Number of protein chains: 2
Amino acid sequence: MIRDSRLSSVLHGLLHMIGAGEPVTSEQLARAMATNPVVVRRVMAGLREQGLVRSEKGHAGGWTLARDPTDITLAEIYRAVGEPTIVAMGHRSENPGCLVEQAVNDALGDTFREVEALFLKRLGAVTLDVLAKDFKRRLAKHKQSLEDQIHAIK
Amino acid sequence: MIRDSRLSSVLHGLLHMIGAGEPVTSEQLARAMATNPVVVRRVMAGLREQGLVRSEKGHAGGWTLARDPTDITLAEIYRAVGEPTIVAMGHRSENPGCLVEQAVNDALGDTFREVEALFLKRLGAVTLDVLAKDFKRRLAKHKQSLEDQIHAIK
DNA sequence: GTATCATGTAACTTCATACGTTACATGATC
DNA sequence: GATCATGTAACGTATGAAGTTACATGATAC
């Protein structure tokens, strides 16, 4: 099954925007995400409609975060990218007259709903800010590791 | 996103087999599931390899359950149909050098894994037998409802 | 023993949809 | 008005489940 990477993709872009401190162009985001500027605009358009980001045209234009990262949950971003399908499985038929199919759909449907609820709950518990801080930790660690290597050479 | 319906599909087939008490042909299963006999054989082949069902050729041939329904969990069936993708979302890249991508992948990856674990846990807690009993309850209720309608007419 | 019935399987088509790409319009800034 | 950026339509590409056709294999009935 092909997996939808819009959420992953847009989070990547948003973290880059937080790090930049100035408008980031679709071109720059596309390079960072190894994709196409049009794809970036397409997915960012959803975030703009929800008021999560702003876009400016012309010189020094590009994308900026419109709200405080401590206030944006991943759940909100998930909704803004169009609520992609969470569970990759489904029923054969949604309106079955067959009682066997009803029994199957009910049993699986309950599980699907539970799983989706857990997914949304977890996303709702994480803010963009948390991801940004995690990134900074990684960056600091990476820097330290490089410095250690330099010392080892001296 | 198109959803994989093999698990739903095969459960439907298995319940029909339990109800039948004699070998059920791919043709019959296909009719019940509104699909094609070849599709039925394809998905049932996985169950046969895991020893969950048997197939017989020739006259009075077809598919039969090979084990006690009280002993077969939905998790086992899920594995037998080839462990279809559970979460419909994924990362852009699995081996990122980019630290931003690592932070995103870790955060989302944890959630994905949690969700998958819950899914398997729920499937592991339900046996085929439970579904079959649920179906019988529905059948009895349906029958009662029809009888009530007959009485109302009299 | 052969006609029939059923599975086994390869090869192909179909379909949905995320993603990629091209092209051009619109608007902002220098 | 030249340039830079977004906005968007239109079309192409790739993937994988599902559907379909065709034929081989094996078991049973007669």
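Quantities reported herein were computed from a predicted structural model and do not represent experimental measurements. The chains referred to below are lettered A, B, ... by the order of the sequence lines, with proteins before strands, and numbering in each begins at 1.
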So does Arg122(B) pair up with Glu114(A), basic N to acidic O under 4.0 Å? yes
When you check the gap from the basic side-chain N to the acidic O, do Asp106(A) and Arg138(B) get nearer than 4.0 Å? yes
When all nucleic acid strands are considered with a 4.0 Å heavy-atom cut-off, which category describes Arg54(B): base, sugar-phosphate, or nothing? nothing
With a non-hydrogen cut-off below 4.0 angstrom, is Asp4(B) in contact with a base, only sugar-phosphate, or nothing? sugar-phosphate
Has the side chain of Arg67(B) got a donor or acceptor atom that lies under 3.5 Å from a matching backbone atom of Asp71(B)? yes
[atom1] of [X] versus [atom2] of [N]: gap in Å, rounded?
| X | N | atom1 | atom2 | result |
| --- | --- | --- | --- | --- |
| Met44(B) | dA6(C) | CE | C1' | 15 Å |
| His91(B) | dC19(C) | NE2 | P | 14 Å |
| Lys57(A) | dC24(C) | NZ | P | 18 Å |
| Met89(B) | dT17(C) | CE | C1' | 15 Å |
| Ile2(A) | dA16(C) | CD1 | P | 15 Å |
| Leu7(B) | dA17(D) | CG | P | 14 Å |
| Arg92(A) | dA17(D) | CZ | P | 14 Å |
| Glu27(B) | dG8(C) | CD | C1' | 15 Å |

Given [N], is OP1 or OP2 found less than 4.0 Å from the side-chain N or O atoms of [X]?
| X | N | value |
| --- | --- | --- |
| Thr35(B) | dG19(D) | yes |
| Arg41(B) | dT7(C) | yes |
| Arg48(A) | dG7(D) | yes |
| Arg3(B) | dG16(D) | no |
| Ser55(A) | dT6(D) | no |
| Arg6(B) | dA17(D) | yes |

Under a plain distance cut-off of 3.5 Å, with no hydrogens placed, do Trp63(B) and Thr25(B) share a side-chain donor-acceptor pair? no
Checking side-chain polar atoms at under 3.5 Å, does Asp68(A) have a donor or acceptor matched by the opposite partner on Thr70(A)? yes
If you assign each of Val39(A) and Glu56(A) to its closest nucleotide in DNA chain C, which residue comes earlier from the 5' end? Val39(A)
Looking only at dC19(C), dG8(C), dT9(C), the nucleotide nearest the Val38(B) side chain is dT9(C)
Toward the 5' end of DNA chain D, by each residue's nearest nucleotide, His59(A) or Arg42(A): His59(A)
